[in-house]
2 protein chains.
Amino acid sequence: MPRARAAVDVFQAVADPSRRRILLALARGERTVTQIIESITLPQPSVSKHLGVLRAAGLVAVRRRGRERMYAVRGEPLREVRDWADTFKKHWDQHLSRIKSRAERTARRGKESRDSSQATPGKAPVIPPWPVWKGKYL
Amino acid sequence: MPRARAAVDVFQAVADPSRRRILLALARGERTVTQIIESITLPQPSVSKHLGVLRAAGLVAVRRRGRERMYAVRGEPLREVRDWADTFKKHWDQHLSRIKSRAERTARRGKESRDSSQATPGKAPVIPPWPVWKGKYL
DNA sequence: GCATCATATTCCCAATTGAGAATATGTCAA
DNA sequence: TTGACATATTCTCAATTGGGAATATGATGC
């Protein structure tokens, strides 16, 4: 019921592209906020705010060095993300073989009349052809 | 700079816990919307809407079976999530060893210029102790 | 102290989000 | 056709979000 806040939930924290870019910039080693700002084009307050979210999610660690702050990746929370996605590995392995078998089936019969509107009683494809719009699946 | 919409971006789509639960429910095989509703406690319109988002992200496939609809996981987009998170594997592998080596380096007379913020000569941990609240890092 | 650099915080705003209720669409069965 | 069932869509609402500008805090050097 409670909405997952980006300030706490790793998946939410990682959902923002700017934050992923920040993490990527930090992947090679510690960076100051100024260095991060240089690598990704984003105003300083935004970067600081994103860093705050990443900090709240435990994804970065801070250390003071003089008047600057060194940020470093703290990758451990990402393990959950990886493990979760990895759970579905079989589903993306299976995907191609499914497409393949479907293609073979379709090729064996000449033309397909209509697809998702009516499933053929004998063999109903699990994965229908997917409408694509702007490079994304609809 | 455009905000990533959940209806298109995989990371966003996966950021919602309810949607992750739906995917988990589908992980074992095709399910009807009603079956999904039964496995996760959430009102039907919410489930349908979440399924719409998952569909828009290419994470599920639909197939009609009579008056019901069978949803199935389409895991391929999750590969990007996994690969991205996997990029940081070294950061959770090397986490402890990094603290260790840095502690050793610093202990060996930390020449590292001025850590004017109370660099306790002897050990300056890269990762400060992390405040935890409700099992999450703050 | 004072000016300056580095970073964080606050405030405002438009857009997105997710829940919930009500309603609409579509399909089967009698 | 009528009615029950399965699912989707619409609408409203409150909360969250991210950007931008302005401002605040904090450390350094003179």
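Keep in mind that this is a model prediction, so the values were computed, not measured. As a basis for the values below, the full set of heavy atoms in this structure was taken, side chains included, without hydrogen atoms, waters or symmetry mates. Just so we're on the same page: letters track the sequence lines, and every chain starts at 1.
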Review point. Is any side-chain N of the basic residue among B:E76 and B:R79 closer than 4.0 Å to the acidic one's carboxylate O?
Key: no
Check your understanding: At what distance, to the nearest 0.5 angstrom, does CZ of A:R69 lie from CD1 of A:I36?
Key -> 12.5 Å
Practice item. Measure from the side-chain heavy atoms of A:R64 and tell me the nearest of D:dA6, C:dA19, D:dG26. Key: D:dG26
Exercise for review: Report the residue (B:T32 or A:R69) whose heavy-atom-nearest nucleotide on DNA chain D is the more 5′ of the two.
Suggested key: B:T32
Practice item. Identify, between A:L51 and B:L42, the residue whose nearest nucleotide on DNA chain C lies closer to the 5' end. Key: A:L51
Check your understanding: When you check the gap from the basic side-chain N to the acidic O, do B:R63 and B:E30 get nearer than 4.0 Å?
Key -> yes
**Study point:** Protein-nucleotide distance (A:R21, atom CZ; D:dG19, atom P), rounded to Å
**Key:** 9 Å
Exercise for review: For the helix from C:dG1-D:dC30 to C:dA30-D:dT1, figure out the bend between the end axes, five pairs an end, and round to 10 degrees.
Suggested key: 10°
Review point. From the list D:dG20, D:dT7, C:dA19, which nucleotide is the closest neighbour of the side chain of B:S46?
Key: C:dA19
Under 3.5 Å, which protein N or O atoms sit close to an N or O of nucleotides 21-25 of chain C? Give each pair with its distance.
none

Exercise for review: Please determine, by modelled atom types, if A:S39 and A:Q35 share a side-chain donor-acceptor pair under 3.5 angstrom.
Suggested key: no
Review point. Phosphate oxygens OP1/OP2 of C:dG18: is one of them under 4.0 Å from a side-chain N or O of B:R19?
Key: yes
Exercise for review: Round to the nearest Å and state the distance from A:D16 atom CG to C:dA15 atom P.
Suggested key: 18 Å
Exercise for review: Please determine, for the side chain of A:R67, which listed nucleotide (D:dG19, D:dA6, D:dA27) has the closest atom?
Suggested key: D:dA27
Review point. Is the phosphate of D:dA6, meaning OP1 or OP2, less than 4.0 Å from a side-chain N or O of B:Y71?
Key: no
Practice item. Look at B:H50 and C:dA19 and indicate whether a side-chain polar atom (N or O) is within less than 4.0 Å of OP1 or OP2. Key: yes
Practice item. Check the side chains of A:T34 and A:E38 for a donor-acceptor pair under 3.5 angstrom, ignoring hydrogens and angles. Key: no
Practice item. Return no unless some side-chain N or O of A:S18 is found under 4.0 Å from OP1 or OP2 of D:dG19. Key: yes
Exercise for review: Report the distance from atom CG of A:L26 to atom CZ of A:R31, rounding to the nearest 0.5 Å.
Suggested key: 7.5 Å
Point to revise | Atom-pair distance (CD1 on A:I22; C1' on D:dG18), nearest Å | key: 12 Å
Revision key, fill the gap. The answer to which of A:Q12 and A:M70 contacts DNA chain C further toward the 5' end, by nearest nucleotide, is A:M70
Practice item. Determine, using the 4.5 Å side-chain heavy-atom cutoff (strictly less than), whether A:I40 and A:M70 are members of one ILVMFWY cluster. Key: no
Point to revise | Integer-rounded Å distance: D:dG26 C1' and A:R65 CZ | key: 16 Å
